[in-house]
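The structure presented is a predicted model; accordingly, all values stated were derived computationally and were not measured.
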Amino acid sequence: FVALLADQLPSRPGWEVRYNAAASLARLGSDQTPWATLAEMLDERQQMLNFRVRLDDGRIVPDEAAARLTVLNALRSVKQWYEKQSAPGTPDAEQAKVNAAIARLAESAVVELKKQAEETREAIKKKAGA
């Protein structure tokens, strides 16, 4: 029951600060980049739970634009991390989760997410081949 409930809740408190820090560290190419946080940022379903708005009729619905903006920001940040690395090495388990999330987003029906995910994948492949 707790696991089912957790799938319906937003991220734990402070997620906005963690997301900003993770994106900033990634854009800088930091070795301290928190890959687990970036993986969470790339989870479109989770972002739909995080970003909610109340409509005039009282219903609470996802703020799709804000949620997708977070996903796009994470994709761009990961791309910049790879662009700044001289030799990124073999991805660890958390980076592998990020790469899997990027692969899923590259299949998205949302054109902007798909395009940015493909660009990010290319940056990763380019660096892996270097």
Side-chain angles (χ1 to χ4, degrees):
F1 176 75
V2 173
L4 292 174
L5 183 60
D7 285 342
Q8 302 301 315
L9 295 174
S11 297
R12 61 186 166 80
W15 57 265
E16 299 99 329
V17 173
R18 285 192 307 281
Y19 287 7
N20 285 331
S24 294
L25 287 167
R27 284 191 301 271
L28 293 170
S30 173
D31 292 337
Q32 302 301 312
T33 298
W35 294 101
T37 302
L38 286 169
E40 181 178 317
M41 291 173 71
L42 291 167
D43 182 343
E44 189 176 10
R45 186 196 60 77
Q46 183 62 52
Q47 298 319 311
M48 294 294 178
L49 294 171
N50 288 347
F51 292 93
R52 313 286 283 178
V53 293
R54 183 179 302 274
L55 300 178
D56 291 339
D57 65 8
R59 288 182 299 139
I60 298 174
V61 298
D63 181 344
E64 293 182 22
R68 290 194 175 119
L69 188 60
T70 295
V71 176
L72 285 168
N73 184 35
L75 285 166
R76 290 179 186 123
S77 298
V78 170
K79 180 181 177 201
Q80 288 176 320
W81 186 88
Y82 276 95
E83 289 171 345
K84 291 185 185 283
Q85 299 302 304
S86 56
T90 304
D92 64 17
E94 294 300 328
Q95 281 176 288
K97 289 179 186 175
V98 167
N99 292 345
I102 293 167
R104 282 190 299 277
L105 290 166
E107 303 299 321
S108 177
V110 179
V111 175
E112 194 172 4
L113 290 179
K114 179 182 177 85
K115 180 178 180 283
Q116 187 61 56
E118 288 170 349
E119 288 179 18
T120 303
R121 285 174 81 182
E122 284 304 312
I124 294 168
K125 286 180 192 175
K126 185 177 181 181
K127 200 53 80 163

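Under the rule for a salt bridge (charged side-chain N to carboxylate O under 4.0 Å, His left out), D92 has no partner lying at least two apart in sequence or in another chain. Listed by chain and number, the residues in a side chain to side chain donor-acceptor pair (under 3.5 Å) with N50 are S11, Y19, Q46, Q47 (sequence neighbours excluded). Taking R59 as the reference, D57 meet the salt bridge (charged side-chain N to carboxylate O under 4.0 Å, His left out) condition, with sequence neighbours excluded. In this structure W35 satisfies the ring-ring contact (aromatic ring centres under 6.0 Å, His included) test together with W81, sequence neighbours excluded. Remark: Y82 pairs with no residue by the ring-ring contact (aromatic ring centres under 6.0 Å, His included) rule, at least two apart or across chains.
Other residues sharing the hydrophobic cluster of I60, ordered by chain and number and joined by side-chain separations under 4.5 Å: none, the residue standing alone. In this structure, V61 belongs to a hydrophobic cluster whose other members, linked by side-chain heavy atoms under 4.5 Å apart, are V53, L55. Grouped by direct or indirect side-chain proximity (heavy atoms under 4.5 Å, Ile/Leu/Val/Met/Phe/Trp/Tyr only), V17 sits alone.
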Could you list the donor-acceptor pairs under 3.5 angstrom formed by side chains in residues 63-79, with sequence neighbours left out?
from: D63; atom 1: OD1; to: A65; atom 2: N; distance (Å): 3.4
from: D63; atom 1: OD1; to: A66; atom 2: N; distance (Å): 3.2
from: E64; atom 1: OE1; to: R68; atom 2: NH1; distance (Å): 3.2
from: R68; atom 1: NE; to: E44; atom 2: OE2; distance (Å): 2.6
from: R68; atom 1: NH2; to: E44; atom 2: OE2; distance (Å): 3.2
from: T70; atom 1: OG1; to: A66; atom 2: O; distance (Å): 3.3
from: N73; atom 1: OD1; to: R27; atom 2: NH1; distance (Å): 3.4
from: S77; atom 1: OG; to: R27; atom 2: NH1; distance (Å): 3.3
from: S77; atom 1: OG; to: N73; atom 2: O; distance (Å): 2.8

Can you give each donor-acceptor pair under 3.5 Å made by side-chain atoms of residues 101-119, sequence neighbours left out, with the distance rounded to 0.1 Å?
from: S108; atom 1: OG; to: V110; atom 2: N; distance (Å): 2.9
from: K114; atom 1: NZ; to: A106; atom 2: O; distance (Å): 3.2
from: K115; atom 1: NZ; to: E119; atom 2: OE2; distance (Å): 2.8

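Sorted by first and then second residue, the ring-ring contact (aromatic ring centres under 6.0 Å, His included) pairs involving residues 85-115 (not counting sequence neighbours) form an empty list. Screening residues 41-69 for ring-ring contact (aromatic ring centres under 6.0 Å, His included), with sequence neighbours left out, gives W15-F51.
A donor-acceptor pair is defined here as one N or O able to donate and one able to accept, closer than 3.5 Å; no such pair exists between the side chain of Q80 and the backbone of G29.
A distance of 13.0 Å separates NZ of K97 from CG of L38, quoted to the nearest 0.5 Å. For the atom pair T33 OG1 and K84 NZ, the distance stands at 11.0 Å (nearest 0.5 Å).
Here the closest heavy-atom approach between residue T37 and residue A22 is recorded as CG2-CB, 3.7 Å. What you find for K127 and S86 is that their closest heavy atoms are CD-O, 4.3 Å.
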